[in-house]
Amino acid sequence: MDSNVVIRYAVRDDEDQAGRADAVVDGLSADSPGYVSLVVLTETWWVLDRAYAIARDRRLEFFEALLDAQELRTESPDLVRAALRRTRRGADFADALITEASAAAGCTRVMTLDERAGMTLIT
């Protein structure tokens, strides 16, 4: 699924698009699941925050529900759960996902120019 389907399903701000998103989600099953990629999750997190100002706790709950849904398969669910734990402690979701993906790839640090990222700062 693309992020626009996930977002419309969550926020319901456009009746027509929400209905079409509902039809997609309602048509899924454990035997015929939908797929949510890391890119879709990252974009969804950003849009729910920046465009809709949905509180962090509500976004965390929504993402946990996506991960727990039998009708969905999420790319690298263990990685996403680890990133959500970091996010719950205050990290930005995208930065947390980058950090967790890097660790999973065997990297011991992530270089950044962003002082707030919680990574190794390049000075």
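One is the number of the first residue; the rest follow in order along the sequence.
Taking the side chain as every heavy atom from C-beta outward, R12 and D22 approach each other to under 4.5 Å. Counting heavy atoms from C-beta on, the side chains of V40 and M1 never come closer than 4.5 Å. Using a 4.5 Å heavy-atom cutoff, the side chains of V11 and V47 are not in contact. Between W45 and I54 the shortest side-chain heavy-atom distance does not fall below 4.5 Å. Within the 4.5 Å cutoff, no side-chain heavy atoms of I98 are placed close to those of T112. At least one side-chain heavy atom of R81 sits less than 4.5 Å from a side-chain heavy atom of E64. Residues L38 and L79 meet the side-chain proximity criterion, which asks for heavy atoms closer than 4.5 Å.
Cluster annotation: W46 and L41 are assigned to the same hydrophobic cluster (Ile/Leu/Val/Met/Phe/Trp/Tyr, side-chain heavy-atom contacts under 4.5 Å, transitive).
By the side chain to side chain donor-acceptor pair (under 3.5 Å) test, D57 is found to be paired with no residue, residues two or more places apart in sequence or in another chain being considered. Take D13 and apply the side chain to side chain donor-acceptor pair (under 3.5 Å) test, not counting sequence neighbours, and it matches R8, Y52. By the side chain to side chain contact (heavy atoms under 4.5 Å, CB included) test, T99 pairs with R86, M119, sequence neighbours left out. The side chain to side chain contact (heavy atoms under 4.5 Å, CB included) search around A10 returns F62, not counting sequence neighbours. Partners of D49 by salt bridge (Lys or Arg N to Asp or Glu O under 4.0 Å), not counting sequence neighbours, listed by chain and number: R59. Partners of L113 under the side chain to side chain contact (heavy atoms under 4.5 Å, CB included) rule, at least two apart in sequence or in another chain, are I122.
Here the CG atom belonging to L72 is positioned 6.0 Å from the CG atom belonging to L66, to the nearest 0.5 angstrom. The distance from atom CZ of R73 to atom CD of E75, rounded to the nearest 0.5 Å, is 14.5 Å. Annotation: the span from S102 atom OG to M111 atom CE amounts to 11.5 Å, rounded to 0.5 Å. Note that CD of Q70 and CG of D31 are 10.5 Å apart. Values are rounded to the nearest 0.5 Å.
Contact record, F63 with L48: CE1-CD1, 4.4 Å, taken as the closest heavy-atom pair. Heavy atoms only, all atoms of each residue included: A96 and A83 are closest at CB-O, 3.5 Å.
Partner S3 forms a side chain to side chain contact (heavy atoms under 4.5 Å, CB included) with one of V36, T44, T42 and no other, that one being T44.
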Practice item. Evaluate the side-chain contact (heavy atoms from CB on, under 4.5 Å) criterion for residues E71 and V25: first the C-alpha distance (whole Å), next the side-chain angles of each, then the deciding distance (0.1 Å), finally the verdict. Key: CA-CA 8 Å; E71 303 82 11; V25 173; over 6 Å; no
